[in-house]
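Note sheet for the following structure.
For this chain, numbers begin at 1 and follow the sequence in order.
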Amino acid sequence: MAGLDPTDWRNIRDIGHRMLDEVFDRMEHVGEGPVWRPMPSSARQALKEGLPEKGHSLDDLYGRYLDLVVPYGVGNTHPGFMGWVHGAGTPVGMLAEMLAGGLNANCGGRDHAPVEVEREVIRWALQMVGLPQDGSGCLVTGSSMANFISVITASRAQDPSIRKEGIGGRRLVGYAATTAHGCLPRAFDLAGLGSEALRRVPVLADHRMDVSALRNMIVKDRKAGFVPFMVASTAGTVDCGAIDDLVAIEAVTREAGLWFHVDAAFGALACLSARFQPQLAGIGKADSLAFDFHKWAQVPYDAGCVLVRDSRKHAAAFAQSLDYLVREERGLAAGAPWFCDFGPDLSRGFRALKVWMTLGHYGAGRMGEMVETCCDVAADLARRVERTDGLVLLAPVTLNIVCFGIDGLEDAEVSELVQDLHESGIAAPSTTRINGRLAVRAAIVNHRTTTVHTDRMLDAVIALRDERLKARTGR
């Protein structure tokens, strides 16, 4: 057999149509089963067959997928999933993934239409957050990579010789709040700066960066011989959704001559809401910005995005000149700059199609309304927490994340309660630590989640709490 195409196209068409119908059936009824169920050891073992010497039929593989994979997913498509900031996906995005797979385009570069689609998506993203249209950007795996690219770009903008000479004895330091995502110190580590080169700025009572402390830390580091080069602010912290004072932080960076970065992994989408956009004032002044389309924009995983105000500084951090990747004036090797000039990846999938089709179908207005609905559901949950004896709201609800404590239970008991809730299939919140106390954390990111689902979650939390307290007292 010389090739890999089927000998019977009719058969694979029939299987493909059946797959599509079954996917739509699951999507239509996604809220009817459990949010999550533990994967039994028998299913795990059934997947350990080793590299097959001879191939299986597509029917057999699809049957195994239905039996061993579908029932034991992470659950983020279900409206009861509210544990982590995961988007829920849409039928439109799913279809776009299928179409992209059919094209199998490499979007690292060259002159072809999928690259133009990504350029349009980047223009949309720049417009959404208020950055100039001559800025640059690219789609990546997620905000972890987007933040990493931003750190690389900022450090090379500070000292371009790093690309050839390495960090060496340079004492570059950056700043982020103690509430910043863990991918930022990791980015400093991977960039060769060292994780301790990211100074952690204390936060105020509202969980936002203490700007006065930031200013003092910059002065202190300079006196000690360090070279401050960037400040990474956050628009939507991972624990409770707080938004740093971007206007004040931007002012500090300009006074000090530093790079102003914004990690807006999910918060960037609030720019589409007339109600919440004012809370993001200053985001359009960023030198670089990281966010995810696969979170609040509901695009299928993965679809992160990095944006940079100055495209020349962005390209200066990554572009290469190689004999086998020459950019020509015409032909397939035309179309410079290529997207591989703005990040580490040369092999890049057609992520842009699912973003282009999702935003193109629903429109900015409807996406903004969806964001507001999620925030309304979160606000309703917060009000109910405050009305319920024995529950306490542990952080202000800025956008869509509600963190609450359970009086009478130790941290270990709260953790056990959340695990029990997961295994019940009713709902899937997560936990975090707020001011040293373990909190139940409900992130309302799923466009399918309503107050029916948050009420069901909270009812289950109360019932599990009461069971534990009753068992402890014997009454």
Q | Main-chain N/O of P300 paired to K354 side chain as donor or acceptor, under 3.5 Å | A | yes
Q.
Please confirm whether the ring centroid of Y301 lies under 6.0 Å from the ring centroid of H86.
A. yes
Q. Is there a donor-acceptor contact under 3.5 Å linking the side chains of S136 and H314?
A. yes
Q: Please confirm whether the backbone N or O of K295 pairs with a side-chain atom of D292, one donor and one acceptor, at under 3.5 Å?
A: no
Donor-acceptor contacts under 3.5 Å from residues 359-366 side chains, at least two apart:
none

(Q) What I'd like to find out is whether the side chain of T153 reaches to under 4.5 Å of the side chain of F318, using heavy atoms alone. (A) yes
**Q.** Minimum heavy-atom distance I401-G241, with the two atoms named
**A.** CD1-N, 3.8 Å
Q | Donor-acceptor under 3.5 Å (D345 side chain, R348 main chain) | A | no
Q: Establish, from distance only, whether the side-chain atoms of S288 and W259 form a donor-acceptor pair under 3.5 Å.
A: yes
Q. Quick one: does C240's side chain get under 4.5 Å of T432's, heavy atoms only?
A. no
Q. Taking NZ, NE, NH1 and NH2 as the nitrogens, is one of them in R327 or D111 under 4.0 Å from a carboxylate oxygen of the other?
A. no
Q) Could you give the distance from CG (L246) to CZ (R208), rounded to the nearest 0.5 Å? A) 8.5 Å
Q. When you look at I162 and I167, which way does the side-chain contact (heavy atoms from CB on, under 4.5 Å) test go after all the steps?
A. CA-CA 6 Å; I162 291 175; I167 297 298; 3.8 Å; yes
Q: Check for a donor-acceptor pair, side chain of T431 on one end and backbone N or O of V440 on the other, with a separation under 3.5 Å.
A: no
Q) Are L139 and F293 side-chain neighbours, meaning at least one heavy-atom pair lies under 4.5 Å? A) yes
Q. When rounded to the nearest 0.5 angstrom, what is the spacing between CE in M209 and CG in L204?
A. 10.0 Å
Q. Looking only at heavy atoms, what is the nearest atom pair of N147 and H261, with distance?
A. OD1-NE2, 2.6 Å
Q) With side chains defined as the heavy atoms from C-beta onward, is the minimum distance between R119 and V115 less than 4.5 Å? A) yes
Q: For residues R254 and F260, determine if any side-chain heavy atom of one lies less than 4.5 Å from a side-chain heavy atom of the other.
A: yes
Q: Determine yes or no for a side-chain-to-main-chain donor-acceptor pair under 3.5 angstrom, with R156 supplying the side chain and A316 the backbone.
A: no
Q | Close side-chain approach of V219 to D221, heavy-atom, < 4.5 Å | A | no
(Q) Would the distance check show the side chain of H78 and the main-chain N or O of G33 forming a donor-acceptor pair, the cut-off being under 3.5 Å? (A) yes
Q | Trace of the salt bridge (charged side-chain N to carboxylate O under 4.0 Å, His left out) decision for E22 with R26 | A | CA-CA 6 Å; E22 289 174 348; R26 283 199 300 279; 5.2 Å; no
Q | Polar contact flag, side-chain donor to acceptor under 3.5 angstrom, T90-Q298 | A | no
Per-pair distances, 0.1 Å, donor-acceptor, side chain in residues 373-382, under 3.5 Å, sequence neighbours excluded:
from	atom 1	to	atom 2	distance (Å)
T373	OG1	E369	O	3.0
D376	OD1	R275	NH1	2.8
D376	OD1	R275	NH2	3.4
D376	OD2	R275	NH2	3.4

**Q.** Step-by-step side-chain contact (heavy atoms from CB on, under 4.5 Å) determination, R199 to F226
**A.** CA-CA 11 Å; R199 310 300 204 219; F226 292 98; 3.5 Å; yes
**Q.** Over all atoms of both residues, closest heavy-atom pair of T398 and A242
**A.** OG1-CA, 3.9 Å
Q.
Quick check against the 3.5 Å criterion: does N216 have a side-chain atom that pairs as donor or acceptor with the backbone of S212?
A. yes
Q. Would a distance-only check, ignoring hydrogens and angles, find a side-chain to backbone donor-acceptor pair under 3.5 Å from D341 to W338?
A. yes
Q: Begin from the C-alpha positions of L58 and I12 and carry the test side-chain contact (heavy atoms from CB on, under 4.5 Å) through to its verdict.
A: CA-CA 8 Å; L58 188 55; I12 199 169; 3.9 Å; yes
Q: Find the distance between CG (D189) and CG (L184) and round it off to the nearest 0.5 Å.
A: 12.5 Å
Q: To the nearest 0.5 Å, tell me how far F229 CZ sits from I218 CD1.
A: 12.0 Å
(Q) To the nearest 0.5 Å, what is the distance between CZ on F148 and CG on L190? (A) 5.0 Å
**Q.** Residues forming a ring pair (Phe, Tyr, Trp, His ring centres under 6.0 Å) with H181, sequence neighbours excluded
**A.** none
Q.
For P202 versus M217, what's the shortest heavy-atom pair and its separation?
A. CD-SD, 4.1 Å
Q | Steps toward side-chain contact (heavy atoms from CB on, under 4.5 Å) verdict (V201, T178) | A | CA-CA 6 Å; V201 184; T178 55; over 6 Å; no
Q.
Given 3.5 Å as the limit, does a donor-acceptor pair link the side chain of R309 with the main chain of G284, or not?
A. yes
Q. Any donor and acceptor pair, going by atom type alone, linking the side chain of D263 with main-chain N or O of T234 inside 3.5 Å?
A. no
Q. If you take all heavy atoms of L269 and W296, which pair is closest and at what distance?
A. CB-CB, 3.8 Å
Q) How long is the gap from NE2 on H294 to CG on D302, to the nearest 0.5 Å? A) 7.0 Å
Q.
What I want to check is whether the side chains of S161 and R170 have a donor and an acceptor closer together than 3.5 Å.
A. yes
Q: Side-chain contact test, heavy atoms from C-beta onward, threshold under 4.5 Å: evaluate it for V23 versus R18 and give yes or no.
A: no
**Q.** Close side-chain approach of V35 and H453, heavy atoms under 4.5 Å
**A.** no
(Q) Ring-plane angle category for F339 and F342, please: parallel below 30°, perpendicular beyond 60°, tilted otherwise. (A) perpendicular
